[in-house]
Protein chains: 2
Amino acid sequence: MENEEKKKETGALREKLDARGAHFTRQRAAVYDYLRQVDHHPTADEIYLAVKSGLPKISLATVYKNLEALVDCGAASKLTYGDAAARYDIRTDHHFHSRCRICGKIADVEPVRSDALLGLIDLQAGFSIENWRIEVIGICLKCKEIRRD
Amino acid sequence: MENEEKKKETGALREKLDARGAHFTRQRAAVYDYLRQVDHHPTADEIYLAVKSGLPKISLATVYKNLEALVDCGAASKLTYGDAAARYDIRTDHHFHSRCRICGKIADVEPVRSDALLGLIDLQAGFSIENWRIEVIGICLKCKEIRRD
DNA sequence: ATTCTTGCAAAAGATTTGCAAACAA
DNA sequence: TTGTTTGCAAATCTTTTGCAAGAAT
């Protein structure tokens, strides 16, 4: 049943927070739950507005603090692809993103042979790679169909 | 001689601005010249401080407006890799960047077989790629030598 | 009991905007 | 002369911070 699944996830969050000496709170759980339930990568403000319906007194500052706590304990990640506002992602594994130039939607892109990237670029000598990010910009299927280009 | 080179570049900038109906001004040329002479990717504020020595009355807002004009006419590009402040680059051709986690230095990375990137990722069906960006994060040679890790 | 979190307001940092005077075409 | 740019100040937007009261461990 759905409640079992929810309880399991809640427990997982509790453990991750605990490992960092952070507390489990209703506000924190609400931010986490919203991030889990949406299929896109919302900004702090969007999360704030959404979560406010269940917790009317929550403040935007609390949402920011909780997002930071979630990122710190490995329960979410922060996307900073140069928009005005940062976006947050429930996934923390290594993956990339595509952005539609028309509708702005950001979708997940899975790495297939990620390490082969190194052969495609001419890096300065002696640079030790620890991580890399790829963003693909273009037009998504939905926008293409609407425009019939 | 150096003046010939400078005049040629100035002429090129004038043409690009002209094509957009934009004017060539001392302030605009100063921002452009600074971008040409540095070997890194400065923020608007750094450009402002540097250009102010030659044009003491220039304002930060003017620097922002000029950077936008330069980007618009294809004389520079804007880097938004998620820092607090955007960075500007005199190059407008397709290339990438590396960032040192220790010293924060951003260096150019040349694409070798850039189109082969498509084989490395699993993009959603129907997405038309127009452009892509890669950022490599790690430790540069200089910082590695200092730490002797 | 102790430590962390909340909510509020204020502050901070980056960037944009409105506008009259100055400048470039 | 006409349209663009400048410099200034004020405004905007995102994010952070200080702090007293409240909640979690």
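Numbers restart at 1 for each chain; the letters A, B, ... are given by sequence-line order, proteins then strands.
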Margin query: Mind checking if B/A86 touches a base, just sugar-phosphate, or nothing, with heavy atoms under 4.0 Å?
Written below: sugar-phosphate
Notebook entry, point to check: Hey, does B/A69 reach any base, or is it just sugar-phosphate, or nothing, if we go heavy atoms under 4.0 Å?
Noted result: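 If one applies the 4.0 Å heavy-atom cut-off, B/A69 turns out to touch nothing in the nucleic acid.
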When you measure from the side chain of [X], which nucleotide among [options] comes out closest?
{"X": "B/A61", "options": "D/dT14, D/dC8, D/dG18", "value": "D/dC8"}
{"X": "A/N66", "options": "C/dA14, C/dT6, D/dA9", "value": "C/dT6"}
{"X": "A/A44", "options": "D/dT15, C/dC8, C/dA14", "value": "D/dT15"}
{"X": "B/A85", "options": "D/dT16, C/dC8, C/dA14", "value": "C/dA14"}
{"X": "B/A22", "options": "D/dT5, C/dG18, C/dT5", "value": "D/dT5"}
{"X": "A/A84", "options": "D/dT14, C/dT6, D/dC8", "value": "D/dT14"}

Rounding to an integer number of Å, can you tell me how far [X] [atom1] sits from [N] [atom2]?
{"X": "B/L67", "N": "D/dT6", "atom1": "CG", "atom2": "P", "answer": "11 Å"}
{"X": "B/L60", "N": "C/dA12", "atom1": "CG", "atom2": "P", "answer": "17 Å"}
{"X": "B/E15", "N": "C/dA24", "atom1": "CD", "atom2": "P", "answer": "19 Å"}
{"X": "A/L13", "N": "D/dT25", "atom1": "CG", "atom2": "P", "answer": "11 Å"}
{"X": "A/E46", "N": "D/dT14", "atom1": "CD", "atom2": "C1'", "answer": "15 Å"}
{"X": "B/R28", "N": "C/dC23", "atom1": "CZ", "atom2": "C1'", "answer": "12 Å"}
{"X": "A/I58", "N": "C/dA9", "atom1": "CD1", "atom2": "P", "answer": "16 Å"}
{"X": "B/E68", "N": "C/dT16", "atom1": "CD", "atom2": "C1'", "answer": "9 Å"}

Checklist line | Test: A/D89 and A/R91 ion pair at under 4.0 Å | finding: no
Notebook entry, point to check: Does A/T43 or A/K65 map to a spot on DNA chain D nearer the 5' end, using the closest nucleotide for each?
Noted result: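 Between the two, 5'-proximity favours A/T43.
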Can you find a pair of side-chain heavy atoms, one from [X] and one from [Y], that are under 4.5 Å apart?
{"X": "A/D108", "Y": "A/H41", "result": "yes"}
{"X": "A/L67", "Y": "A/V71", "result": "no"}
{"X": "A/L35", "Y": "A/P42", "result": "yes"}
{"X": "B/H97", "Y": "B/R87", "result": "no"}
{"X": "B/Y64", "Y": "B/Y48", "result": "no"}
{"X": "A/K142", "Y": "A/C103", "result": "no"}

Between [X] and [N], is there a contact of a side-chain N or O with OP1 or OP2 at under 4.0 Å?
{"X": "A/Y64", "N": "D/dT15", "value": "yes"}
{"X": "A/Q27", "N": "C/dG7", "value": "yes"}
{"X": "B/T62", "N": "D/dG7", "value": "yes"}

Margin query: For D/dG7, does the base pair up with any side-chain atom of B/K52 as donor and acceptor (N or O, under 3.5 Å, distance only)?
Written below: no
Checklist line | Pi-cation contact, A/Y81 with A/R133 (under 6.0 Å, within 45°) | finding: yes
Taking N or O atoms only and anything under 3.5 Å, show me the protein contacts with nucleotides 21-24 of chain D, one pair per line.
unit_1, atom_1, unit_2, atom_2, d
D/dA24, O3', A/F24, O, 3.4

